[in-house]
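Just so we're on the same page: letters track the sequence lines, and every chain starts at 1.
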Amino acid sequence: MTDSDAAAADASDDSEAASGGDHEADGGGTDGGSGDAPGLPADLGAVRGALVDWYEADHRDFPWRRTEDAYEILVSEVMSQQTQLDRVVPAWEDFLDEWPTTADLAAADRADVVAFWSDHSLGYNNRAKYLHEAAGQVESEYGGAFPETPDELQELMGVGPYTANAVASFAFDNGDAVVDTNVKRVLYRAFAEIHNADDPDYETVANALMPAGESRIWNNAIMELGGVACGKKPRCDEASCPWREWCHAYQTGDFTAPDVPTQPSFEGSRRQFRGRIVRLLGEHDEMDLDTLGHRIRVDYTPDGEHGREWLRGLLSDLADDGLVKIEEEDTQIIARLQ
DNA sequence: CTCCCGCAGT
DNA sequence: ACTGCGGGAG
């Protein structure tokens, strides 16, 4: 899309701007703009409309954006928490094919769900456990019907503030503004007040920005912005960012973003070996200690530094996490998914 | 190497 | 407030 428009240029506040979207701005006057969110542009209606129009004009067509089923949405959110969306698509489709409803998932063996998770390289196997557990909660505590408010959704295992608002928004159009690392980056760059704050209150600003009662379209739109136009490497013009005329970063050229804690390297980490163990146990049902050890690392020697004692430690933690069961038969030690 | 739509346990 | 948790892709 050609955009052009030199941008920064006029910082003038005229505007009703682009759009003509169908969303009429905020219900007049009530929030008069920046009442509880100093630092937001005065013409909030234009800012909101520009983003929503931009999203509606063109956005990535992920399959979970075509459903309003809370369970399907939840599965997509949990999978997306740290896996690239393009990789989530096939896993999401396979998962729902295998367990189409919360009743199906709740009735499944956890070991099968964990094995699926590992087999689809979705990482963080605890999330499979959480999802299985959450399905059980929906069945037993809500009679199979998802709660519809963020507060209630947060009671589900593995569902925190972000996921609760995402599900409430995308399934029920009933959420508050989502705040994840993408949204934080957008807000930090766009609005100087956030950028300059010692301890930015993202939640308050995000909610002040969101048009009340339109969480579904809004949260989709602002996350799309963070993913497509305002990623770590900004693509303002290429993506025709709708906020260029208001954006502090675009006008100053300062595209710094909030620090995201960097993970310790994965290669050689204990997480890597946990992952290998779970993957192997998903393929072999049960394995004895030394066979498992030799299969997860070439330098495994029963009595060496990375030997039985080391492996017992990993398995013990996996057992504490409820992912693995350790059985002692005679002198043999056998592990299987739990 | 970094990045990717967080959360639970402590 | 801090820590641990997978693994593919760029």
Side-chain angles (χ1 to χ4, degrees), chain A residues 55 59-60 62-65 73-92 114-131 133-134 137 150 153-170 175 177-187 199 202-203 206 215-216 218-235 257-282 296 313-314 316-318 320-324:
Chain A
Y55 176 76
H59 57 78
R60 295 170 295 176
F62 295 113
W64 46 85
R65 285 178 170 169
I73 301 284
L74 176 63
V75 173
S76 78
E77 291 300 332
V78 172
M79 288 183 174
S80 300
Q81 279 171 11
Q82 53 267 100
T83 300
Q84 285 87 330
L85 301 188
D86 288 340
R87 288 176 50 214
V88 167
V89 173
W92 183 79
V114 172
F116 175 100
W117 207 261
S118 180
D119 190 43
H120 286 72
S121 299
L122 289 166
Y124 300 105
N125 296 300
N126 277 323
R127 296 184 196 291
K129 181 185 69 178
Y130 296 154
L131 207 41
E133 175 80 18
Q137 287 177 276
L153 285 162
Q154 240 183 111
E155 297 300 314
L156 300 177
M157 189 62 65
V159 177
Y162 165 76
T163 308
N165 280 125
V167 174
S169 296
F170 304 143
V178 297
V179 178
D180 64 5
T181 57
N182 269 322
V183 171
K184 284 182 182 175
R185 187 175 55 247
V186 170
L187 298 179
D199 184 22
Y202 291 103
E203 194 179 329
S215 61
R216 177 180 287 140
W218 180 260
N219 285 324
N220 265 138
I222 196 165
M223 293 179 75
E224 183 76 357
L225 188 70
V228 169
C230 200
K232 173 165 183 135
K233 176 181 166 58
R235 300 177 57 248
D259 288 326
V260 293
T262 79
Q263 272 191 343
S265 84
F266 178 64
E267 189 62 31
S269 68
R270 91 186 253 105
R271 272 172 32 225
Q272 180 176 42
F273 292 109
R274 281 173 53 107
R276 287 181 182 175
I277 291 169
V278 170
R279 171 166 300 189
L280 278 170
L281 294 181
I296 63 172
L314 283 180
S316 177
D317 285 347
L318 284 165
D320 289 343
D321 283 346
L323 296 173
V324 166

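- The nucleotide whose nearest atom lies closest to any side-chain atom of Tyr162(A) is, among dC5(C), dC7(B), dC1(B), dC7(B).
- The phosphate of dC5(B) has OP1 or OP2 within less than 4.0 Å of a side-chain N or O from Asn182(A).
- Under 3.5 Å, the side chain of Arg271(A) and the base of dG4(C) form no donor-acceptor pair of N or O atoms.
- Nucleic acid contact class of Gln263(A) (heavy atoms, under 4.0 Å, all strands): base.
- Counting any heavy atom pair closer than 4.0 Å across all strands shown, Ser265(A) reaches sugar-phosphate atoms only and no base atom.
- Close to dG7(C), at under 4.0 Å from its OP1 or OP2, lies no side-chain N or O of Arg127(A).
- Sequence order on DNA chain C of the closest nucleotides to Tyr130(A) and Arg276(A) puts Tyr130(A) first from the 5' end.
- Heavy atoms of Asp317(A) sit nowhere under 4.0 angstrom from any nucleic acid atom.
- Across all strands, Thr181(A) comes closer than 4.0 Å only to sugar-phosphate atoms, never to a base (heavy-atom distances).
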Checklist entry - Could you go step by step and tell me if Ser269(A) and Arg274(A) meet the side-chain hydrogen bond (donor to acceptor under 3.5 Å, both in side chains) rule? => result CA-CA 9 Å; Ser269(A) 68; Arg274(A) 281 173 53 107; over 6 Å; no

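- In this structure, Ser76(A) reaches neither bases nor backbone, as no heavy-atom distance under 4.0 Å exists between it and the strands shown.
- Note on Gln82(A): a base of the nucleic acid sits closer than 4.0 angstrom, heavy atoms only.
- At a threshold of 4.0 angstrom between heavy atoms, the contacts of Gly275(A) are confined to the sugar-phosphate backbone, with no base atom among them.
- Taking every side-chain heavy atom of Asp180(A) into account, dG6(B) is the closest of dG7(C), dC5(C), dG6(B).
- Relative to the side chain of Pro161(A), the nucleotides dG6(C), dC5(C), dC7(B) differ in distance, and dC7(B) lies closest.
- Using a 4.0 Å heavy-atom distance criterion, Val159(A) is classed as a sugar-phosphate-only contact.
- Thr83(A) comes within 4.0 angstrom of a nucleotide base, judged by non-hydrogen atoms across all strands.
- Out of dG7(C), dC4(B), dC5(C), the shortest distance to the side chain of Lys232(A) is found at dC4(B).
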